[in-house]
Amino acid sequence: MEEPELHFWGKTPEKEYYTQQGIKSSNSLYTSPRGLKLFTRSWLPLPPSPPRGIICMVHGYGNDISWTFQSTAIFLAQNGFACFAVDIEGHGRSQGLKAYVPNVNLVVQDCTSFFKSIKNSDPQINGLPSFLYGESMGGAICLLIHLENPNDFTGAILAAPMCKISDKIKPRWPIPQVLTLIAKFLPTLPIVPTPDVLSKSIKVEEKKRIGEMNPMRYREKPRLGTVVELLRVTEYLAGKLGEIRVPFIVLHGSDDEVTDPAVSRALYEEAKSSDKTIKIYEGMMHSLLFGETDENIEIVRGDIISWLNDRC
């Protein structure tokens with residue numbers, strides 16, 4: 001029987017792989033103010049090159065920071081940015097019931113405290129331009145971080161942000177109403193009838209296989225309490241788009257069936273940010289930075305780096 005891959009890149013040990021990529025990386029546990037132990041990672045440019053900016057990264061639902069999510073962080077570190085990310089509650093190697101997020105506001109507090117601790121821990125990076133980066137649910141969390149801390153970040157990179165769950169995967173009436181009622185009594189029950197997010201996110205078949213190999217991937221149906229909470233958060237955000245003032249670039253595939261590109265257009269139109277950019281990629285799906293063809297990923301990466309370069 002073939003030995004499973006250790007990492008999304010294969011069997012090369014982490015330290016050796018990072019050296020090959022021309023960066024350095026480390027991981028550790030961070031205890032949030034509410035006492036939750038959260039797994040964190042950093043990806044940094046190699047000395048003597050000082051970093052040009054800080055990127056605070058938040059992954060999406062059911063994902064984690066130790067598999068394919070790393071590919072973007074490694075790329076950004078290669079381009080001079082100090083990147084930091086955290087597995088949110090119930091995801092990856094962090095504490096909590098797998099894929100159960102009962103209160104996104106507490107997750108926002110966890111992320112905010114971790115990112116503040118990073119900025120204050122190293123005089124080399126304190127004072128550098130700092131950016132939020134979020135994928136899918138992580139994009140929604142980044143917007144919530146901004147709304148609670150409007151002056152803390154220089155800008156935000158939002159990849160297919162979950163400001164609304166696509167109608168193509170959202171359960172139809174009366175299922176949401178019934179589930180909301182059951183969730184009050186059995187919030188951790190994994191029974192929400194939705195299509196597999198991974199298969200809806202990734203275009204390239206070989207990359208679907210890599211995504212499915214992630215040992216941390218959540219494979220059951222979404223939990224009732226998590227879905228009810230995400231529906232609450234997306235509804236809340238939809239009413240707050242006009243209060244967003246952070247400079248941002250929002251990136252979305254026109255064929256995204258997980259989050260709604262129309263809501264990214266609404267974010268772009270309604271946000272009060274004086275510096276805002278939108279990129280809608282024709283024919284691309286939800287996983288813009290891993291699940292697309294390599295050529296498409298290069299296009300999206302190029303737009304992100306160009307946007308960052310103009311602001312550092």
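Predicted model only: the values in this text are computed from it and were never measured.
Taking both residues in full, the closest heavy atoms of V204 and I202 are given as O-CG2, 3.4 Å, listed atom of the first, atom of the second, then distance. Here the closest non-hydrogen pair linking S130 and K119 is OG-NZ, 3.1 Å. Between M162 and L237, the shortest heavy-atom contact is O-CD1, 4.5 Å. Of all heavy-atom pairs spanning M285 and L288, the tightest one is O-CD2, 3.5 Å.
Counting only residues at least two apart or on different chains, the salt bridge (charged side-chain N to carboxylate O under 4.0 Å, His left out) pairs with a member in residues 273-286 are D275-R311. Sorted by first then second residue, the ring pair (Phe, Tyr, Trp, His ring centres under 6.0 Å) pairs that include residues 255-300, not counting sequence neighbours, number zero. Identified under the ring pair (Phe, Tyr, Trp, His ring centres under 6.0 Å) test for residues 228-251, with sequence neighbours left out: none. Applying the ring pair (Phe, Tyr, Trp, His ring centres under 6.0 Å) test to residues at least two apart or on different chains, the pairs with a partner in residues 105-132 are Y30-F114, F131-W307.
Remark: the backbone N or O of F39 is not paired with any side-chain donor or acceptor of R41 at under 3.5 angstrom. In this structure, the side chain of S254 engages the main chain of G283 through a donor-acceptor pair within 3.5 Å. Without hydrogens or angle criteria, T112 side chain to Q109 main chain gives no donor-acceptor distance under 3.5 Å. Side-chain N or O atoms of H91 include one that pairs as donor or acceptor with a backbone N or O of G62 at under 3.5 Å. For the pair D256 (side chain) and T259 (backbone), a donor-acceptor distance under 3.5 Å is present. The backbone N or O of R245 lies less than 3.5 Å from a partner atom in the side chain of H146, making a donor-acceptor pair.
L97 belongs to a hydrophobic cluster with Y100, counting contacts under 4.5 Å between side-chain heavy atoms of Ile, Leu, Val, Met, Phe, Trp and Tyr, direct or through other members.
Taking CG of N149 as the reference point, atom SG of C111 lies at 11.0 Å (rounded to 0.5 Å). Atoms CG and CG, from L147 and L241 in turn, are 9.0 Å apart once rounded to the nearest 0.5 Å. One finds the CD1 atom of I55 at 10.5 Å from the OG1 atom of T154 (value rounded to the nearest 0.5 Å). Between the CD atom in E270 and the NZ atom in K272 there is a gap of 8.0 Å [rounded to 0.5 Å]. For the atom pair NZ of K184 and CD1 of I182, the computed distance is 12.0 Å after rounding to the nearest 0.5 Å. With values rounded to the nearest 0.5 angstrom, M57 atom CE is found 5.0 Å from Y133 atom OH.
In this structure the side chain of L128 never reaches within 4.5 angstrom of the side chain of N126, judged on heavy atoms. Within the 4.5 Å cutoff, the side chain of N296 has no heavy atoms near those of the V300 side chain. In this structure, the side chains of Q70 and E14 come closer than 4.5 Å at one or more pairs of heavy atoms. Using a 4.5 Å cut-off on side-chain heavy atoms (C-beta onward), L143 and L158 make contact. At a threshold of 4.5 Å between non-hydrogen side-chain atoms, the residues C312 and P129 count as touching. Counting heavy atoms from C-beta on, the side chains of E135 and V58 never come closer than 4.5 Å. Side-chain contact check for L132 versus I145: some heavy-atom pair is nearer than 4.5 Å. Counting heavy atoms from C-beta outward, P161 and V250 have side chains that approach closer than 4.5 Å.
At a cut-off of 3.5 Å, with distance as the only test, no side-chain donor of S306 or N309 sits close to an acceptor on the other residue. For the residue pair K37 / S94, no side-chain donor-acceptor distance below 3.5 Å is found, with atom types taken as modelled. Using modelled atom types, one finds no donor on one side chain facing an acceptor on the other under 3.5 Å when comparing S113 with S32.
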Contacts under 3.5 angstrom, residues 72-89 side chains, donor-acceptor by atom type, not counting sequence neighbours:
from : atom 1 : to  : atom 2 : distance (Å)
Q78  : NE2    : Q21 : O      : 3.0
Q78  : NE2    : Q21 : OE1    : 3.2
N79  : ND2    : F75 : O      : 2.9
D87  : OD1    : I65 : N      : 2.9
D87  : OD2    : R93 : N      : 2.9
E89  : OE1    : R34 : NH1    : 3.4
E89  : OE1    : R34 : NH2    : 2.8

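Looking at V227, I141, T226 one by one, the single match for side-chain contact (heavy atoms from CB on, under 4.5 Å) with V101 turns out to be T226. Test E295, E292, E257 against K203 for salt bridge (Lys or Arg N to Asp or Glu O under 4.0 Å) and you get one pass: E292.
V258 and V263 fall into different hydrophobic clusters, defined by Ile, Leu, Val, Met, Phe, Trp and Tyr side-chain heavy atoms under 4.5 Å apart, directly or through other members. Tracing side-chain contacts under 4.5 Å through hydrophobic residues (I, L, V, M, F, W, Y), one reaches L289 starting from F69; they form part of the same cluster. Linking ILVMFWY residues whenever their side-chain heavy atoms come closer than 4.5 Å, directly or via other members, leaves L46 and I54 in distinct clusters. Put simply, L267 and L231 are part of the same group of oily side chains (I, L, V, M, F, W, Y) that touch within less than 4.5 Å, one to the next. Hydrophobic clustering, with ILVMFWY side chains joined whenever heavy atoms are under 4.5 angstrom apart, keeps M216 apart from L198.
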Mind running side chain to side chain contact (heavy atoms under 4.5 Å, CB included) on M284 and T293 for me, showing each step along the way? CA-CA 9 Å; M284 292 198 205; T293 64; over 6 Å; no

From CA spacing to verdict: side chain to side chain contact (heavy atoms under 4.5 Å, CB included), M137, L230: CA-CA 8 Å; M137 180 183 71; L230 291 180; 3.6 Å; yes

Carefully, step by step, assess K11 and W9 under the rule side chain to side chain contact (heavy atoms under 4.5 Å, CB included). CA-CA 7 Å; K11 296 184 176 68; W9 59 73; over 6 Å; no

With side chain to side chain contact (heavy atoms under 4.5 Å, CB included) as the test, would you mind laying out the steps for C163 and T234 before giving the verdict? CA-CA 5 Å; C163 301; T234 53; 5.9 Å; no

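For E235 and R232, the salt-bridge test fails: no basic side-chain N is under 4.0 Å from an acidic carboxylate O. Checked for salt-bridge contact, E298 and R301 meet the test: a charged N lies under 4.0 Å from a carboxylate O.
For E205, the side-chain contact (heavy atoms from CB on, under 4.5 Å) partners at least two apart in sequence or on another chain are K208. Taking the salt bridge (charged side-chain N to carboxylate O under 4.0 Å, His left out) definition, one finds that E220 meets it with nothing, sequence neighbours left out. Applying the salt bridge (charged side-chain N to carboxylate O under 4.0 Å, His left out) criterion to D303, with sequence neighbours excluded, gives no partner residue. The salt bridge (charged side-chain N to carboxylate O under 4.0 Å, His left out) test applied to K240 returns E243, not counting sequence neighbours. Take S25 and apply the side-chain contact (heavy atoms from CB on, under 4.5 Å) test, not counting sequence neighbours, and it matches Y18, W43. Listed by chain and residue number, nothing satisfies the salt bridge (charged side-chain N to carboxylate O under 4.0 Å, His left out) test with E148 (two or more places apart in sequence, or in another chain).
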